[in-house]
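Hydrogens, waters and symmetry mates are skipped; everything else that's a heavy atom, side chains included, is used. As the structure lists them, so they are numbered: ligands from 1, and atoms in each ligand from 1.
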Amino acid sequence: MEEKIIILDFGSQTTQLIGRRLRELNVYCEIVPYNKFPHGDESVRGVILSGSPFSVYDGEAFKVDLSGIRGRLPLLGICYGAQFMAYTYGGNVEPAGSREYGRAHLSTFDADNLLFHGVRPNSQVWMSHGDTITAIPQGFKAIASTDKVKIAAYQVEDEQTWGVQFHPEVFHSEDGTQMLRNFVVEACGCHQTWSPASFVDTTVAELKEQIGNDRVILGLSGGVDSSVAAVLLNRAIGANLTCIFVDHGLLRKDEFRNVMHDYECLGLNVIGVDASEKFFRDLEGVTDPEQKRKIIGRDFVEVFNAEAHKITDARWLAQGTIYPDRIESLNITGKVIKSHHNVGGLPKEMNLRLCEPLKWLFKDEVRRVGRELGIPEHLIGRHPFPGPGLAVRILGDITREKVRILQDADDIFIRGLWDWKVKDAEGNETCLYHQVWQAGVILLPVQSVGVMGDERTYERAVALRAVTSTDAMTADWARLPYDFLAKVSNDIINKVKGVNRVTYDISSKPPSTIEWE
Ligand code: XMP
């Protein structure tokens, strides 16, 4: 990578948003823990210090020595990052009288300051802090204020060092992206050349260099991430990549067959393993959700490893891990935001090295890269699907018959979403499927009375689940049109034997989760 910005993560929930904004500006960046600055990396053009859940006064607050950075590279502190610098270099930071939270406006700012080029008068910014800077160190100058916050932003005189107490990265800071652009382009001199095409070129070159003539194994799941990782590796090392796709019998209707076909069309060398017998046997009678997950995780590793061992000269295990998958392990505050869901694991005794070419990307970036690689839209646009598959959507024990019922109901729902045409915000034609983050049907452990013709029925109930989200960490139930829900409900009850009632899940996350188990 020729040029990059380093974001030092002090634990704020919006750190990843900073990364995302920079990527939208076509600037490559890496987010690293606050104390892991890559000293000596010549490609670093500038540094951003993120916000933090801590106050600079907290005993546990993250502190870092900036002497190797400040004055050498352009530096921008955001919220805690700004307070940390003000405090460290001799200014005053005090608890704000009332927590400064929410919308505010830059009532005065130095329009000539590089950071504010192109920023509109009275621009709205988003504040979120319990402390406030009451005095800046000598040699610092205040460059913006709001009605409540006198030192909303500062710059160190004659130095490319800035601090802002608001969050330019959040949507509600109207000119926030402009300020970040000013920093990365004008101050740091980045060329805005990061694009899916440049990512593909650089990554393919890096993979060739890293892997050479070694053989690589990759576990495919049918999802976007592992598919994109596979096609990228295939481009770099061709036949030296062997993919393994395990069918645990809990995939969607016909998914194994369809996805295998897609992979073959993409020219991938894929071994498909039908291990459903084993999974159904081991899951028999198990009702506890965690127990189900454990069994599936364990069986998956066993089946995957057995296949991997047949490739005796493999040196690498590739995975489609993306940035949000790693947030938990990267999260330096130690708070678990989302438990890591990836099934599978590294066959230890094989001594494989790990290759994760997508580990810095967000989902929508992975999709852009996938399109660049020519992967068909129906694979790229696919909703996420949980590793344990329909097992976490069948409440209670799992049988082949229940899986059949759920697959049929799910198929009607998902096809319906694809077929239902709507206009997007720009007036372009799209379908409901693309307007929801994820959708599926849940088979409930409930039977209820119904009437079909003149006959009393006593059959199963299912719940439809469809959510909107940007990262699966929070989600809202999708406001699907009533007419659509009516049609799907009718179709399911008429066509899926064993179901006589359909409900719609209207819970958001939190406090619910997307999956029911
Ligand atoms: P929850 O239910 O935690 O789900 O709100 C968040 C996202 O993660 C997916 N999910 C999984 N993905 N293995 C996976 O690969 C899993 O065990 C797993 N459990 C949940 C879920 O479908 C949603 O997209």
Practice prompt. Report yes if some N/O of I514 lies less than 3.5 Å from some N/O of ligand 1; otherwise report no.
Written response: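 N/O-N/O distance under 3.5 Å: yes.
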Worksheet item: Going by the side chain to side chain donor-acceptor pair (under 3.5 Å) test, which pairs reach into residues 375-391, not counting sequence neighbours?
Response: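 Non-adjacent pairs meeting side chain to side chain donor-acceptor pair (under 3.5 Å): E255-R382, D262-H378, R371-E377.
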Worksheet item: For ligand 1, which atoms have a heavy atom of T513 less than 4.0 angstrom away?
Response: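 What qualifies from ligand 1 is 1 (P), 2 (O), 5 (O).
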Worksheet entry | Atoms in ligand 1 with a heavy atom of G387 nearer than 4.0 Å |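 Numbered from 1, ligand 1 contributes 12 (N), 13 (N), 14 (C), 15 (O), 16 (C).
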Worksheet item: For atom 3 (O) of ligand 1, which of R293, E515, K509 has the closest heavy atom?
Response: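 Heavy atom nearest to atom 3 (O) of ligand 1 belongs to K509.
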Practice prompt. Say whether D424 and T430, considering side chains only, have a donor N or O and an acceptor N or O under 3.5 Å apart.
Written response: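 No donor-acceptor contact under 3.5 Å links the two side chains.
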Discussion item. Test: salt bridge (Lys or Arg N to Asp or Glu O under 4.0 Å). Region: residues 212-221. Which pairs qualify, not counting sequence neighbours?
Written reply: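 Of all non-adjacent pairs touching residues 212-221, those that pass salt bridge (Lys or Arg N to Asp or Glu O under 4.0 Å) are R215-D313.
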Worksheet item: Salt bridge between D411 and R252, side-chain N to carboxylate O under 4.0 Å?
Response: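 R252 and D411: not salt-bridged.
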